[in-house]
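Data first, discussion second: the structure below is written as structure tokens.
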Amino acid sequence: MSIRYALLALLNEGPKYGLQLREEFEARTGEVWPLNVGQVYTTLQRLERDGLVESDDEGEPGPQKGFQITADGAEALAVWLRTPPDLASPPRDELVIKILIAVRLPGVDVHGIIQEHRRYLLELMQQWTHLKEEEGDLDLGLALVVDAELFRLDSVVRWLDTADGRLKRAALEPAPPARAAGPQLRRRAGVRR
């Protein structure tokens, strides 16, 4: 998540102080991602250095110093909002790496590992669903965050189910001759070596 652009978006509404930016960021994101006020001021300093925000010269550094977006900052924000994130390469997901490593380790019950992670993910989904039922109608930002998290967790559970099925089928079938996917296939899929 880019704090840099979130702060630009908040400043696009009008001048604000650092502490105010932190509070508004947390409120708008359903208070799911706490933000350290030091991180806010460090980011604001970088934005100011890059000419994307400017501060009032009267204010002392710290909570009383006001910031506003510049024309360059508004343009950078507009570009960021319209630019899709780079999803061409799969992220280095710890769970995927665990399963890939476990598959090659002798004596490891990969099925058991998958089921343990699956149970944990289902418990998380229940917690998020409970939170949504309690507070989702009250806070649109929180409801959107919970929806996104539920969809993400559901996709991980579905991947675990698919991986488990694939591993069970692979155990029943004779292993095909090993061949590496060619560079063309990896490039098309966005996979980097």
Side-chain angles (χ1 to χ4, degrees), residues 1-98 100-101 117 120-121 123-125 127-132 134-156 159 190-193:
M1 172 183 37
S2 178
I3 302 304
R4 173 181 179 93
Y5 292 103
L7 295 181
L8 285 176
L10 292 170
L11 288 170
N12 198 49
E13 299 171 343
K16 294 182 171 66
Y17 299 107
L19 189 56
Q20 183 182 9
L21 287 165
R22 188 196 85 185
E23 290 169 357
E24 287 188 27
F25 172 85
E26 289 180 357
R28 301 232 186 140
T29 58
E31 298 181 13
V32 174
W33 293 294
L35 189 58
N36 181 305
V37 75
Q39 185 179 9
V40 171
Y41 284 109
T42 300
T43 304
L44 286 169
Q45 289 171 349
R46 290 181 184 142
L47 289 168
E48 189 171 25
R49 175 199 68 202
D50 296 342
L52 303 178
V53 302
E54 56 192 18
S55 62
D56 55 23
D57 290 332
E58 308 97 49
E60 294 293 319
Q64 298 306 313
K65 188 173 184 179
F67 293 86
Q68 61 188 13
I69 195 167
T70 63
D72 287 345
E75 178 61 28
L77 174 62
V79 168
W80 177 74
L81 287 171
R82 288 180 175 77
T83 303
D86 182 11
L87 301 176
S89 297
R92 291 188 181 183
D93 184 294
E94 183 178 353
L95 180 56
V96 174
I97 293 170
K98 280 183 185 184
L100 293 173
I101 298 298
H117 286 288
Y120 171 72
L121 291 169
E123 288 173 13
L124 280 179
M125 290 175 75
Q127 291 171 16
W128 282 105
T129 300
H130 184 67
L131 179 63
K132 182 178 178 179
E134 286 181 346
E135 300 181 33
D137 290 338
L138 304 175
D139 185 340
L140 178 61
L142 176 63
L144 291 170
V145 168
V146 170
D147 287 342
E149 190 59 11
L150 285 171
F151 281 115
R152 186 186 72 79
L153 292 171
D154 181 63
S155 71
V156 176
W159 176 79
V191 178
R192 295 184 183 112
R193 283 188 160 190

Inset, instruction - For A27, check side chain to side chain contact (heavy atoms under 4.5 Å, CB included) against everything at least two apart and list the hits. - result: none
Inset, instruction - Kindly compute the distance separating CD1 (I3) from OG1 (T42), expressed to the nearest 0.5 Å. - result: 12.0 Å
Legend entry - Straight-line distance of L7 CG to Q39 CD, nearest 0.5 Å: 8.5 Å
Legend entry - From CA spacing to verdict: side-chain contact (heavy atoms from CB on, under 4.5 Å), L95, L121: CA-CA 11 Å; L95 180 56; L121 291 169; 4.2 Å; yes
Legend entry - Between CG on residue L150 and OG1 on residue T129, distance to nearest 0.5 Å: 4.5 Å
Legend entry - Residues in side chain to side chain contact (heavy atoms under 4.5 Å, CB included) contact with L81, at least two apart in sequence or another chain: L77
Inset, instruction - Taking the side chain as every heavy atom from C-beta outward, state whether L52 and R4 have any atom pair closer than 4.5 Å. - result: yes
Inset, instruction - Sorted by first residue and then second, give each salt bridge (charged side-chain N to carboxylate O under 4.0 Å, His left out) pair with at least one member in residues 141-150; sequence neighbours left out. - result: K132-D147, E149-R152
Legend entry - E94 vs I97 side-chain heavy atoms within contact, under 4.5 Å: no
Legend entry - Rounded distance [0.5 Å steps], OH in Y17 versus CG in D56: 6.5 Å
Inset, instruction - State, yes or no, whether a side-chain contact exists between L35 and T29 at a heavy-atom distance under 4.5 Å. - result: no
Inset, instruction - List for me each residue that meets side-chain hydrogen bond (donor to acceptor under 3.5 Å, both in side chains) alongside H117, sequence neighbours excluded, and say none if there are none. - result: none
Inset, instruction - Taking side-chain hydrogen bond (donor to acceptor under 3.5 Å, both in side chains) as the test, write out the residues that go with E54, two or more places apart. - result: Q68
Inset, instruction - With sequence neighbours excluded, give me every salt bridge (charged side-chain N to carboxylate O under 4.0 Å, His left out) pair touching residues 10-20. - result: E13-K16, E13-R28, K16-E24
Legend entry - Side-chain (S55) to main-chain (F67) donor-acceptor, under 3.5 angstrom: no
Inset, instruction - Kindly indicate whether the side chain of Q127, heavy atoms from C-beta on, has any atom under 4.5 Å from the side chain of L153. - result: no
Inset, instruction - Given side-chain contact (heavy atoms from CB on, under 4.5 Å), test L131 with L142 step by step and report yes or no. - result: CA-CA 9 Å; L131 179 63; L142 176 63; 4.0 Å; yes
Inset, instruction - Drop me the distance from K98's NZ to L100's CG, to the nearest 0.5 angstrom. - result: 12.5 Å
Legend entry - Heavy-atom closest pair, residues L44 and G18: CD1-CA, 4.1 Å
Legend entry - From CE (M125) to CZ (F151), nearest 0.5 Å: 9.5 Å
Inset, instruction - Could you check T43 against L21 for side-chain contact (heavy atoms from CB on, under 4.5 Å), going step by step and ending with a plain yes or no? - result: CA-CA 11 Å; T43 304; L21 287 165; over 6 Å; no
Inset, instruction - For residues E75 and V79, determine if any side-chain heavy atom of one lies less than 4.5 Å from a side-chain heavy atom of the other. - result: yes
